[in-house]
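One structure below.
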Amino acid sequence: MSAQQHDPVSERDLSQETVAVIYQKAFELGFDAVSIVSAAPMQKETTEALQLWLENGYQAEMGWMQTHFDKRQNPQMLMENTQSLVCVAMNYYTPDTYDPNDPDALKIAKYARGTDYHYVIKDALKALLKAIQAVNPEVNGRALTDSAPIMEKPLAVQAGLGWIGKNGTVLLPGKGSWFFLGELLLDIVLPVKQPEPVNNYCGTCTRCIDACPTEAIVEPGVIDSNRCLAYWTIEYKGEAFPEVIRDNVNGWIFGCDVCQDVCPWNIKFAKPTSIPDFQPRDLLKQPDAEILQGLSPEAFKAVFRKSPIKRAKQSGLNRNIQAAVKK
C-alpha cells in the first residue's frame, strides 16, 4: 500500500478507539453522564422557542442572551470544522447544612457553595481532550460549560441525557437535576448512532410551578427572569429590589433552589457529589449576615476566590443580605 493511500479499517478502528476512550475517561474524570452526537444545527422548534422567549423579554437585563443568535442556532459555528459534540453532566448536589425550618436562615444555591463550576468542568473537559489526543493527535477541540452561545439544555436532550422539566432544568432519569452540563466540540467524525430521546416524566406534577415564591415559571419549562429570585440575586446590578422580589427573598442571598428542592425526582434520587471542589466552603455552610457583611474588600476577594458568588460582587451580595434580613 502506498503512503498516499488510506487504510479504511485503521481509520474505523481509530474512531472506535476514540469513542471508547471518551466514555471511559469521562467517567474517570467524575462525569455522571456522557453522550456523543454529530454536530448539526439545532432543530427549528428549539430556536423558535428561544426567539419567542427573547421577544417576551424573559431575559430581563441579560443582554448577552440576545447576542450571537446565529451561533446559538448552530454549534458548528463555535469552532472551525466542528464535527462531533461530547455532551456531559456532572453532579454537584450537596445536602443543606442549615436548618430548613429556621425562617431566619440565610441560603445560597447549592451550585454556588463550592468552587465555580466553570473551572471544574472546563478542566475536566480539557483533560478529556488530552486523553482523546493521546489516541488521535490530529484532533482539535474546545471545552464549553455555560461559557459560549450554545444551547446546552436542548443539546443535552438531543444527546439523550435527559428531558427538560417544568422548572426548566435538565432531569436525568434516576438521578434528578442537580447537574452541571458541559460540551466538548471536536473536529472529528465519530461513529455514533443518534441517541434515543428520553421521555418527559414530569407527568401532571406541578410542584415546582406551585412552589416558586414569585411565580417565575410562567408555563412548563419557561422561566421569566424578571420574576426569578436567581436572576435578582445573581445577575441584577441595581441597588434595590422591586417589592414583589424583596417580599419573597425568603433568606436567599445568592440564587434559589426552591423549584429543584421540591422536585420528586430530586427528593427520591439526589445523591451527594463526589467532587471535592463542589463541597461547601466553611463560610457558606451556615451563612452569617454579620460576618459576610463585615468582610473587607480584600477579604471578600480571598474568601470568594474562584467562587460563583463573585459574579454578584460584594455590593450585590450585601444588597441581597440586607433584603433577606430585613424585618
Side-chain angles (χ1 to χ4, degrees), residues 60-62 90-121 123 146 178 180 211-214 216 225 227-262 266 270-327:
E61 296 182 5
M62 296 182 289
M90 182 179 284
N91 177 20
Y92 67 87
Y93 177 77
T94 56
D96 293 331
T97 50
Y98 58 84
D99 182 358
N101 296 315
D102 182 358
D104 297 322
L106 299 184
K107 295 170 280 190
I108 291 173
K110 294 175 182 62
Y111 93 89
R113 297 171 183 174
T115 299
D116 191 330
Y117 64 96
H118 291 90
Y119 296 105
V120 181
I121 304 296
D123 285 350
D146 192 27
W178 303 108
F180 293 126
C212 180
T214 53
S225 300
R227 307 183 190 185
C228 182
L229 288 181
Y231 163 75
W232 288 100
T233 57
I234 299 174
E235 303 294 345
Y236 178 62
K237 306 306 178 186
E239 296 182 359
F241 292 150
E243 183 177 356
V244 66
I245 300 300
R246 185 179 65 248
D247 291 347
N248 290 282
V249 166
N250 298 332
W252 290 102
I253 61 172
F254 191 89
C256 176
D257 283 336
V258 171
C259 66
Q260 295 192 83
D261 281 332
V262 301
N266 285 331
K271 294 182 179 179
T273 179
S274 62
I275 307 300
D277 281 330
F278 295 151
Q279 297 304 315
R281 300 184 178 189
D282 289 340
L283 203 58
L284 304 182
K285 291 178 179 178
Q286 292 182 314
D288 181 279
E290 185 175 350
I291 293 175
L292 291 174
Q293 290 186 306
L295 294 174
S296 67
E298 294 75 20
F300 179 86
K301 290 180 180 179
V303 168
F304 294 111
R305 181 177 178 272
K306 289 189 174 182
S307 165
I309 291 177
K310 288 182 65 177
R311 187 167 183 82
K313 303 185 183 303
Q314 187 169 18
S315 58
L317 183 63
N318 285 337
R319 173 204 62 205
N320 299 346
I321 294 172
Q322 290 171 3
V325 301
K326 185 176 179 179
K327 302 300 183 183

Item to complete: Look at atom CD of E61 and say whether more than 12 heavy atoms of other residues, nucleotides or ligands are closer to it than 6.0 Å.
Response: no

Worksheet item: Just wondering, do R113 and I309 contact through their side chains at under 4.5 Å, heavy atoms?
Response: no

Response to the item:
With sequence neighbours left out, the residues meeting side-chain contact (heavy atoms from CB on, under 4.5 Å) with K306 are T115, Y119, R281

Worksheet, complete the sentence: Those residues at least two apart in sequence (or on a different chain) that pass salt bridge (Lys or Arg N to Asp or Glu O under 4.0 Å) with R311 are E235

Worksheet entry | Rounded distance (nearest 0.5 Å) linking atom CG of L292 with atom CG of N320 | 11.0 Å

Fill in: Inter-residue atom distance I121.CD1 - I275.CD1, 0.5 Å rounding
7.5 Å

Worksheet, complete the sentence: P308 and A112 have their tightest heavy-atom pair at CG-CA, 3.8 Å

Worksheet item: Within the side chain of T94, is there an N or O that forms a donor-acceptor pair under 3.5 Å with the backbone of Q279?
Response: no

Discussion item. Quick check for you: to the nearest 0.5 Å, what is the distance between I291 atom CD1 and Q286 atom CD?
Written reply: 10.5 Å

Fill in: Atom pair OH/OH of Y92 and Y111 - distance to nearest 0.5 Å
9.0 Å

Worksheet item: SG of C228 to CD1 of I234: how many Å apart, nearest 0.5 Å?
Response: 8.0 Å

Discussion item. Using 0.5 Å steps for rounding, measure from the CD atom of Q314 to the CG atom of L295.
Written reply: 6.5 Å

Item to complete: Quick one: list whatever passes salt bridge (Lys or Arg N to Asp or Glu O under 4.0 Å) with D116, sequence neighbours left out.
Response: none

Item to complete: Mind checking ring pair (Phe, Tyr, Trp, His ring centres under 6.0 Å) for Y93 and listing every partner two or more places apart, or none if nothing turns up?
Response: W178

Worksheet entry | Contact check, side chains of V325 and L106, non-hydrogen atoms, under 4.5 Å | yes

Response to the item:
Minimal heavy-atom distance between S225 and W232, with the atoms involved, is O-NE1, 3.9 Å

Worksheet item: Please, which pairs that meet ring pair (Phe, Tyr, Trp, His ring centres under 6.0 Å) have at least one residue in residues 286-320, sequence neighbours excluded?
Response: F300-F304

Item to complete: Could I get the full list of side-chain hydrogen bond (donor to acceptor under 3.5 Å, both in side chains) partners for Y117, not counting sequence neighbours?
Response: D146

Discussion item. Checking K110 now: which residues fulfil salt bridge (Lys or Arg N to Asp or Glu O under 4.0 Å) with it, not counting sequence neighbours?
Written reply: D96, D257, D261

Worksheet entry | Residues that D102 engages under side-chain hydrogen bond (donor to acceptor under 3.5 Å, both in side chains), provided they are two or more places apart | none

Fill in: Counterpart residues, ring pair (Phe, Tyr, Trp, His ring centres under 6.0 Å), relative to Y231 (two or more places apart)
none

Using residues 239-255 as the side-chain source, report each donor-acceptor pair under 3.5 Å to any protein atom, sequence neighbours left out, with the distance given to one decimal.
{"residue": "R246", "atom": "NH1", "partner": "F241", "partner atom": "O", "Å": "3.4"}
{"residue": "N248", "atom": "ND2", "partner": "V244", "partner atom": "O", "Å": "2.7"}
{"residue": "N250", "atom": "ND2", "partner": "N248", "partner atom": "O", "Å": "3.2"}

Practice prompt. Identify, with sequence neighbours excluded, every residue that meets salt bridge (Lys or Arg N to Asp or Glu O under 4.0 Å) alongside R319.
Written response: none

Discussion item. Quick test of your reading: applying salt bridge (charged side-chain N to carboxylate O under 4.0 Å, His left out), list the pairs with at least one residue in residues 282-304, sequence neighbours left out, ordered by first then second residue.
Written reply: D282-K285

